[in-house]
There are 2 protein chains.
Amino acid sequence: MRSTGSKAASAPKLDLVARLRGAGLRPTRQRIALGRLLFSGIDRHVTAEALHLEAARTGAELSLATVYNTLHQFTTAGLLRQVFVDGEKSYFDTNTGDHHHFYAKDRETLIDIPGDAVVIDGLPKAPAGMDIERVEVVVRLKPKA
Amino acid sequence: MRSTGSKAASAPKLDLVARLRGAGLRPTRQRIALGRLLFSGIDRHVTAEALHLEAARTGAELSLATVYNTLHQFTTAGLLRQVFVDGEKSYFDTNTGDHHHFYAKDRETLIDIPGDAVVIDGLPKAPAGMDIERVEVVVRLKPKA
DNA sequence: CAATAGATTAGAATAATTCTAATGTAAGAA
DNA sequence: TTCTTACATTAGAATTATTCTAATCTATTG
Ligand SMILES: [Mn+2]
Ligand SMILES: [Mn+2]
Ligand SMILES: [Zn+2]
Ligand SMILES: [Zn+2]
């Protein structure tokens with residue numbers, strides 16, 4: 001097992017710093033804290049409020065405004081995307097590739113559906129002057145009868 | 001051309017009254033005004049604010065709270081459905097059948113895609129304990145480059 | 001370090017929507 | 001018809017999610 005001289009635990013932090021720099025974002029304490037929560041392997045669907053709480057629980061101190069700023073900056077930078085399934089809150093998705101979602105309204109839960117599994121046929125072509133930016137499928141779930 | 005003794009112009013109003021009664025809703029002045037705007041043939045995608053303005057322009061006097069109440073009552077009654085494409089405002093759709101949408105963010109415009117034209121293959125089955133309530137496709141549009 | 005562009009923050013502000021509690025009205029009974 | 005009342009409407013206050021402001025920090029570079 002080879003490694004640089006740096007502590008093992010900080011390797012992901014270094015990756016994250018590089019990632020932020022690559023996106024033109026300064027690697028501040030707050031962005032690193034949120035980036036760690038968001039980009040530690042598992043794909044996630046978060047709400048600003050929920051992420052703020054989670055950051056607070058892990059000891060990070062940052063304002064909700066910063067969470068919003070950061071989520072938007074990450075989104076603009078292509079590190080996150082937004083998913084619209086509910087009028088109340090916005091969800092931010094760490095999976096920026098083409099994929100779809102199950103949404104269980106009663107649990108406020110999003111589950112990924114891999115994009116390559118799904119084939120959509122028969123879509124009309126985009127109206128004149130418009131291009132298709134992305135095709136999103138949301139499968140709404142309800143508790144089994 | 002046969003008809004009852006009623007004035008021709010009021011026929012749609014009578015239909016509407018029947019429709020409201022059938023949904024268990026009293027045919028009040030406000031509900032009739034909104035129902036006329038919503039259910040006069042063409043399928044529509046409206047915002048509470050926009051519908052309120054439109055009603056005001058056609059001379060109806062009713063509060064924005066009533067527009068929200070009515071849209072929700074109509075939705076619960078199955079006369080409308082909601083479409084989620086944007087975090088800022090909710091859209092209500094007079095087309096309650098299975099169908100999909102183009103959404104042009106830059107124009108805040110929804111366009112129907114008939115449901116029977118579209119075939120979606122390869123969706124995983126619903127997670128345990130859940131049933132699929134509906135499958136919605138949103139095709140996001142951007143102005144042609 | 002010093003300078004500064006960029007970032008964070010508390011709290012005010014805004015936008016959409018919902019709630020409250022007072023007032024009005026549709027519909028059936030008498 | 002008029003009475004009764006359950007249901008509906010309303011103005012305005014309240015709530016929630018989110019954004020803005022303008023003051024205070026800090027990452028970066030020289
Ligand atoms: Mn909202
Ligand atoms: Mn909102
Ligand atoms: Zn996802
Ligand atoms: Zn539609």
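Letters A, B, ... mirror the listed sequences (proteins, then strands); counts begin at 1.
- Taking the six-membered ring where tryptophan is involved, the planes of B:H45 and B:H99 are tilted, since the angle between them lies from 30° to 60°.
- Put simply, A:T66 has a side-chain N or O that comes within less than 4.0 Å of OP1 or OP2 on C:dT9.
- Between B:Y91 and B:L25, the residue anchored nearer the 5' end of DNA chain C, judged by the nucleotide with its closest heavy atom, is B:Y91.
- In this structure, of C:dT9, C:dA27, D:dT9, it is C:dT9 that holds the atom nearest to the side chain of A:R29.
- When hydrophobic clusters are built by joining Ile, Leu, Val, Met, Phe, Trp and Tyr residues whose side-chain heavy atoms come closer than 4.5 Å, directly or via intermediates, B:L62 is grouped together with B:L20.
- At least one side-chain nitrogen or oxygen of A:Q30 sits closer than 4.0 Å to the OP1 or OP2 atom of C:dT9.
- Between A:T28 and C:dG6, a side-chain N or O to OP1/OP2 separation shorter than 4.0 Å is absent.
- Ring centers of A:Y103 and A:F84: at least 6.0 Å apart, outside the cut-off.
- To the nearest angstrom, P of C:dA27 lies 10 Å from CZ of B:R31.
- With hydrogens and angles disregarded, a donor-acceptor distance shorter than 3.5 Å links the side chain of A:H100 to the backbone of A:V137.
- Nearest nucleotide to the B:H72 side chain, out of D:dT19, C:dT9, C:dT18: C:dT18.
- Ring centroid separation for the pair A:F92 and A:H72 comes in under the 6.0 Å cut-off.
- Comparing B:R21 and B:K89, the nucleotide of DNA chain C nearest to each residue sits closer to the 5' end for B:K89.
- One atom, CG of A:L62, and another, C1' of C:dG11, lie 16 Å apart when rounded to the nearest Å.
- Of the candidates D:dT10, C:dA16, C:dT9, C:dA16 carries the atom nearest the B:Y68 side chain, counting heavy atoms from C-beta on.
- Contact check, A:S90 against D:dT18: a side-chain N or O comes under 4.0 Å of OP1 or OP2.
- Computed from coordinates, the B:L34 CG to D:dA8 P distance equals 14 Å when rounded to whole Å.
- Between B:E88 atom CD and D:dC20 atom P there is a gap of 10 Å when expressed in whole angstrom units.
- Between the CG atom of A:L20 and the P atom of C:dG6 there is a distance of 16 Å, rounded to whole Å.
- Positionally, the nearest nucleotide of DNA chain D for B:R26 lies more toward the 5' end than for the other of B:R26 and B:L64.
- Taking atom CG of B:D86 as the reference point, atom P of D:dA17 lies 17 Å away to the nearest angstrom.
- Remark: P of D:dA17 and CZ of A:F92 are 13 Å apart, rounded to the nearest angstrom.
- Among the nucleotides D:dA8, C:dT8, D:dT19, the one closest to the side chain of A:T70 is C:dT8.
- If you take CG of A:L71 and C1' of D:dA17, they are 13 Å apart, rounded to a whole angstrom.
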